[in-house]
Enquirer: 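Have a look at the structure that comes next, please.
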Amino acid sequence: QVRLVESGGGLVQAGGSLRLSCAASGRTVSSYAMGWFRQAPGKEREFVARISPTGGITSYADSVKGRFTISRDNAKNTVYLQMNYLKPEDTAVYYCAAKSSYGGPLVTPKDADYWGQGTQVTVSS
């Protein structure tokens, strides 16, 4: 009942910035926790950031703390990931995910109820 579409990926130099957007369709999107995960070639999909249904609580992977910021605008049914001071190791396909507020938080890929198609982020050295 929720469709997620990511945008904003691209190629940037190390130290640069990108802002990813995830547009969600559905009449009750505000009731979902949202998150971002990423997957590099040959690696498992890993947690990046999550945000509670109303945006009051956020959490980040240690690797991106202080550099990335997740936010949401429920009026626009959109979640964002502002990425600053990008590093080559940030290169990956970034996926938007949604989880019903029922049960535990969105921590691992198996927790997600819905996924976007992903957007490529490439950071050159």
Side-chain angles (χ1 to χ4, degrees):
Q1 297 182 19
V2 176
R3 183 170 180 265
L4 308 174
V5 180
E6 302 97 331
S7 63
L11 173 65
V12 298
Q13 292 186 323
S17 299
L18 283 174
R19 188 180 76 161
L20 306 183
S21 297
C22 174
S25 62
R27 296 182 179 180
T28 57
V29 174
S30 63
S31 68
Y32 289 83
M34 303 292 292
W36 290 93
F37 294 78
R38 66 187 183 186
Q39 188 166 19
K43 302 294 183 180
E44 297 294 317
R45 190 169 298 187
E46 66 177 3
F47 167 77
V48 175
R50 65 174 178 267
I51 188 167
S52 60
T54 59
I57 303 173
T58 59
S59 185
Y60 301 89
D62 289 341
S63 59
V64 306
K65 285 181 179 177
R67 299 188 297 120
F68 291 9
T69 302
I70 188 171
S71 62
R72 66 190 298 164
D73 186 340
N74 287 342
K76 297 181 178 179
N77 292 324
T78 302
V79 62
Y80 305 94
L81 184 68
Q82 178 66 48
M83 306 184 294
N84 299 324
Y85 306 104
L86 283 161
K87 305 175 181 179
E89 50 263 45
D90 294 319
T91 295
V93 176
Y94 283 70
Y95 297 91
C96 181
K99 180 186 183 299
S100 169
S101 60
Y102 301 120
L106 180 56
V107 179
T108 66
K110 65 184 298 183
D111 294 323
D113 295 318
Y114 303 95
W115 291 98
Q117 83 290 345
T119 185
Q120 177 70 47
V121 172
T122 302
V123 184
S124 62
S125 60

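No experiment lies behind these values; they were computed from the predicted model shown.
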Enquirer: Leu86, Trp36: one ILVMFWY side-chain cluster at the under-4.5 Å cut-off?
Expert: yes

Enquirer: Could you pull out the closest heavy-atom pair between Val123 and Thr91, with the gap in Å?
Expert: N-OG1, 2.9 Å

Enquirer: Under 4.0 Å between a side-chain nitrogen and a carboxylate oxygen: does that hold for Lys65 and Asp62?
Expert: yes

Enquirer: For residues Trp115 and Arg45, determine if any side-chain heavy atom of one lies less than 4.5 Å from a side-chain heavy atom of the other.
Expert: yes

Enquirer: Determine whether Arg38 and Asp90 make a side-chain contact, defined as any pair of heavy atoms from C-beta on separated by less than 4.5 Å.
Expert: yes

Enquirer: I need the full list of ring pair (Phe, Tyr, Trp, His ring centres under 6.0 Å) pairs touching residues 67-93, with sequence neighbours left out, sorted by first then second residue.
Expert: none

Enquirer: So how far is it from Thr69 OG1 to Met83 CE, rounded to the nearest 0.5 Å?
Expert: 11.0 Å

Enquirer: List the atom of Thr78, the atom of Ser21, and the distance in Å for their closest heavy-atom pair.
Expert: CG2-CB, 4.3 Å

Enquirer: Restricting to non-hydrogen atoms, name the atom on Pro53 and the atom on Ala33 that form the minimum distance, rounded to 0.1 Å.
Expert: CG-N, 3.9 Å

Enquirer: Any non-hydrogen side-chain atom of Lys87 less than 4.5 Å from a side-chain atom of Arg67?
Expert: yes

Enquirer: Any donor-acceptor pair under 3.5 Å linking the side chain of Thr58 with the backbone of Ile70?
Expert: no

Enquirer: If you group Ile, Leu, Val, Met, Phe, Trp and Tyr by side-chain heavy-atom gaps below 4.5 Å, do Val48 and Leu106 land in one group?
Expert: no

Enquirer: Just by distance, do the side chain of Glu6 and the backbone of Gly118 share a donor-acceptor pair under 3.5 Å?
Expert: yes

Enquirer: According to ring pair (Phe, Tyr, Trp, His ring centres under 6.0 Å), does anything in residues 46-66 pair up with another residue at least two apart or in another chain? List the pairs.
Expert: Phe37-Phe47

Enquirer: Is the backbone of Gly104 close enough, under 3.5 Å, to the side chain of Lys99 for a donor and an acceptor to pair up by distance?
Expert: yes

Enquirer: What is the distance from atom OG of Ser25 to atom CG of Leu4, rounded to the nearest 0.5 Å?
Expert: 7.5 Å

Enquirer: If hydrophobic clusters are built by linking Ile, Leu, Val, Met, Phe, Trp and Tyr wherever their side-chain heavy atoms come under 4.5 Å apart, do Val93 and Leu20 end up in the same one?
Expert: no

Enquirer: What is the minimum heavy-atom distance between Met34 and Cys22, and which atoms define it?
Expert: CE-SG, 4.2 Å

Enquirer: Please name the pair of heavy atoms, one in Ala24 and one in Val2, separated by the smallest distance, quoted to 0.1 Å.
Expert: CB-CG1, 4.5 Å

Enquirer: Is it the case that the side chain of Arg72 and the backbone of Ser52 share a donor-acceptor pair, with hydrogens and angles ignored and the cut-off at 3.5 Å?
Expert: yes

Enquirer: Please determine whether residues Leu18 and Tyr95 belong to a single hydrophobic cluster, defined as Ile, Leu, Val, Met, Phe, Trp and Tyr linked transitively by side-chain heavy-atom distances below 4.5 Å.
Expert: no

Enquirer: Can you name the nearest heavy-atom pair linking Pro105 to Asp111, along with the distance?
Expert: O-OD2, 3.5 Å

Enquirer: Does atom CG of Leu11 have more than 12 heavy-atom neighbours, drawn from other residues, nucleotides or ligands, at distances under 6.0 Å?
Expert: yes

